[in-house]
Number of protein chains: 2
Amino acid sequence: MVAQRRAPTLEEVAELAGVSRATVSRVVNGSSRVSPEAQAAVNAAIAQLGYVPNRAARSLVTRRTDTLVLIVHERPDTVFSDPFFASVLRGVNQALSPTDLQLVLLQAQGEAQRDRALRYVGNGHVDGVLLISLHGDDIMPTAISAAGVPLVMAGRLLTGGPLDYVDADNVGGARDAVRYLIAAGRRRLATVAGPGDMSVGVDRLRGYREAVREAGDQASAGRVAVGDFTEESGRRATTQLLADHPDLDAVFAASDLMALGALRALREAGRRVPEDVAVVGFDDAALAAYADPPLTTIRQPVELMGQEMVRLLLARIADPYADPTEVVLPTELVVRASA
Amino acid sequence: MVAQRRAPTLEEVAELAGVSRATVSRVVNGSSRVSPEAQAAVNAAIAQLGYVPNRAARSLVTRRTDTLVLIVHERPDTVFSDPFFASVLRGVNQALSPTDLQLVLLQAQGEAQRDRALRYVGNGHVDGVLLISLHGDDIMPTAISAAGVPLVMAGRLLTGGPLDYVDADNVGGARDAVRYLIAAGRRRLATVAGPGDMSVGVDRLRGYREAVREAGDQASAGRVAVGDFTEESGRRATTQLLADHPDLDAVFAASDLMALGALRALREAGRRVPEDVAVVGFDDAALAAYADPPLTTIRQPVELMGQEMVRLLLARIADPYADPTEVVLPTELVVRASA
DNA sequence: ATGAAAGCGCTAACAA
DNA sequence: TTGTTAGCGCTTTCAT
């Protein structure tokens, strides 16, 4: 183990380059008002010393932190699955990697942790917030933006005031699923919808209804059972649907976990998939390929969502008074054996 | 949007409490050498003002950052799955939540990002490093600890010098899997092993071999096919095993993804699971429950691993010259339909 | 284009 | 037990 030796400072760079600290600072921060010679000398000194600016010192004077925080506000029963979150994270990191910003991660469950997170962002520890909220009714978005801290949400806010957010096209995706099923000759559709207090639930149901109505199929619009995004809830909802509508020939599930549950329920009821009943799910948990039969899904560009969130947040930090922007990314139908 | 008003400073607290800055600092940092009266006055002032210490200012003088970094050094073809990583993260956050440390996340793929991460760590931006390395031969562990920065690894280092790490009991877990299969009457075992250049691969194979030999079954020790932790590699390896040893009646796969592949291969070969062939996998991707039939697995305490990593790192930061510690956490056999 | 100087908010000797 | 003082490394007027 090597002893941590003190990192070189601006001062030392200045001395080696034969200029003042101010000039070094200008070079480091890319100011234009520096002569080429000075610039070269400073850069040489920086390289020779392996100088890296001290974040704390810089932050102290600039009052920026060069830090973004990603808050994942989970409900005790986590609905969205880990792969979803991990993919967003990957996108976020990708978008951040060309910048000098650091990403702090905060997972908040329950009120205590939520309040702690709120205090953290409220006390000027970060330049901006990326928020993934798994609660339908969450005070965080309002609290954060009320504190004047730039904020971008993952997902539309149901009760939403005007906030910046990035979302997948849940309505369009659900619509695509239905259109595909109808094009494949299915006529008696049903859907396993998500919770009515979350925008993903609401939007996917809306897409389903729009599409069946657009096809002149008023009956299917009414065949709805609600789940909570878990596999078990999907199984139960599907069993219910089968009981109420024994003749249905297609199920659109608002998540892949629920689609998995639908698969299970259908098998239990002796229906073959997709011969008797076709199944399409919205891809939240990246489980499509491992299902049996492999799931046809509506895929969201999750990693891209992470990237776009960063892009949007940086724009908002640069211009805090611009109008809120809503970024809605297209989904894609991926056909597999289940439909 | 509320304007960000300047946060109260130590100075203001001191003035309100009628003491000096030093005293306030002592109270904030929990020094004992403060009179009860002063303490009370300061605490009141802090509460009234909503004072929170400025990290940057503190960090500047203490030369601590109160920041830990979690680096995930991925290979281009990510082997470990997202849920694994996400669970570690949850454990890390849990362990961190009672402290005042912040967690910075760095995902590094490829040399450029790796070097950037190394520079970041080397320049005193963090107090300690949690490293999840997905490379068998990775210079990061050595580089980081050579820089004198406290480090804890997830997983044993194959080529390892003496480093602190937290790992699941891969040898013991594999052993348990085999013992279970043998106890269930299986006699012609085979294994789909992981890469030979990663400790998870090596250890799980070792556990398998130890257990079959311990049962006096020398033949099974030789029935090994190697995969790379992906489903497809598991399918291929199993197909190979079936070709070489048509009479095998049990497969131990070194990951659940590979177990899924084994399931597929067995079905393709017309074998029933578990009637003809039993399958047990090591649980890396939390897919066990969704497989068909549901997978019997060796479950790792992934979240706990994250917690232990933090605990170990904090200990190392507190005492940098203590001997390296190896924490090996027990696994658990979870029996499901596949075996 | 460059430098001198002030000061961001805090901790840590040192003195009292 | 308390206060005074001297910076930590950097950016940023303000002169020059």
Side-chain angles (χ1 to χ4, degrees), chain A residues 4-46 49-67 100 102 122-127, chain B residues 4-43 45-46 49-67 100 102 120 122-127:
Chain A
Q4 285 259 50
R5 90 181 152 52
R6 239 182 78 290
T9 68
L10 246 201
E11 178 103 49
E12 303 175 48
V13 174
E15 187 173 6
L16 181 58
V19 299
S20 74
R21 276 153 45 200
T23 298
V24 177
S25 176
R26 288 181 188 113
V27 172
V28 169
N29 293 289
S31 160
S32 49
R33 316 178 158 288
V34 181
S35 71
E37 307 87 69
Q39 197 143 157
V42 168
N43 282 135
I46 287 176
L49 261 34
Y51 168 76
V52 172
N54 179 315
R55 276 185 115 90
R58 174 179 280 172
S59 173
L60 189 55
V61 36
T62 60
R63 295 172 176 296
R64 284 173 314 151
T65 58
D66 292 329
T67 297
D100 249 322
Q102 64 179 194
N123 287 128
H125 287 320
V126 300
D127 293 346
Chain B
Q4 286 262 47
R5 95 183 144 52
R6 235 181 82 288
T9 68
L10 245 201
E11 178 104 47
E12 305 175 46
V13 175
E15 189 172 6
L16 181 57
V19 298
S20 74
R21 276 154 46 204
T23 298
V24 177
S25 177
R26 288 183 188 112
V27 172
V28 169
N29 294 291
S31 161
S32 50
R33 320 179 156 286
V34 181
S35 70
E37 308 85 67
Q39 200 146 150
V42 168
N43 282 135
I46 287 177
L49 261 35
Y51 168 78
V52 173
N54 179 315
R55 274 187 118 87
R58 174 180 281 174
S59 171
L60 189 55
V61 38
T62 58
R63 293 174 178 295
R64 285 173 315 151
T65 59
D66 291 330
T67 297
D100 248 324
Q102 65 180 191
Y120 181 77
N123 287 127
H125 287 319
V126 299
D127 294 344

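Each chain gets a letter, A, B and so on, in the order its sequence line appears, and its residues count up from 1. Because the structure is predicted, anything quoted here is derived from the model rather than measured. The analysis underlying the following values was restricted to heavy atoms, covering all of them including side chains, and did not include hydrogens, waters or symmetry mates.
Dense packing is recorded around CD of A/Q39, with more than 12 heavy atoms of other residues, nucleotides or ligands lying under 6.0 Å away.
Put simply, A/T62 has no side-chain N or O that comes within less than 4.0 Å of OP1 or OP2 on C/dC8. Phosphate contact (OP1/OP2 of C/dC8, side-chain N/O of B/T9, threshold under 4.0 Å): absent.
Summary for the helix from C/dA1-D/dT16 to C/dA16-D/dT1: the axes at its two ends, each from 5 pairs, differ by 30° when rounded to the nearest 10 degrees.
Residues A/N54 and A/T9 form no side-chain contact, since every pair of their non-hydrogen atoms from C-beta on lies 4.5 Å or further apart. Between A/R26 and A/V19, the closest side-chain pair of non-hydrogen atoms is not below 4.5 Å.
Less than 4.0 Å separates DNA chain D from at least one heavy atom of each of the following residues of residues 50-60 of chain B: B/L60. Within a heavy-atom distance below 4.0 Å of DNA chain C, the residues of residues 12-24 of chain A found are A/V19, A/S20, A/R21, A/A22, A/T23.
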Between protein and nucleotides 14-16 of chain C, what N or O pairs are separated by less than 3.5 Å?
none

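Looking at A/S25, its side chain never comes within 3.5 Å of a backbone N or O of A/R21 through a donor-acceptor pair.
If you take CZ of A/R33 and P of D/dT16, they are 19 Å apart, rounded to a whole angstrom. In this structure, CZ of B/R63 is placed 13 Å from C1' of C/dC10, rounded to the nearest angstrom. Atom CD of A/E37 is separated from atom C1' of C/dT2 by 12 Å (rounded to the nearest Å). In this structure, A/N123 places its CG atom 11 Å from P of C/dC10, rounding to the nearest Å. Rounded to a whole Å, the NE2 atom of A/H125 is 13 Å from the C1' atom of C/dC10. The distance between atom CD of B/Q39 and atom P of D/dT1, rounded to the nearest whole Å, is 11 Å.
Contact between B/A17 and B/A45 at its shortest, heavy atoms only, is CB-CB, 4.0 Å. Nearest approach of A/P8 to A/L49, heavy atoms of both residues: CG-O, 3.4 Å.
In this structure, the side-chain contact (heavy atoms from CB on, under 4.5 Å) partners of B/T67, at least two apart in sequence or on a different chain, are B/T65, B/Q102, B/V104, B/V126. With sequence neighbours excluded, the residues that form a salt bridge (charged side-chain N to carboxylate O under 4.0 Å, His left out) with B/R64 are B/D66. Remark: A/E12 engages A/R6 in a salt bridge (charged side-chain N to carboxylate O under 4.0 Å, His left out) (not counting sequence neighbours). Applying the side-chain contact (heavy atoms from CB on, under 4.5 Å) criterion to A/I46, with sequence neighbours excluded, gives A/V13, A/V28, A/V42, A/N43, A/Y51. B/N123 pairs by the side chain to side chain donor-acceptor pair (under 3.5 Å) definition with nothing, not counting sequence neighbours.
Rounding to the nearest 0.5 Å places CD of B/E15 at 12.5 Å from OG of B/S20. For the atom pair CG (A/D127) and OG1 (A/T62), the distance works out to 8.0 Å, reported to the nearest 0.5 Å.
A/S25 comes within 4.0 angstrom of a base, heavy atoms only.
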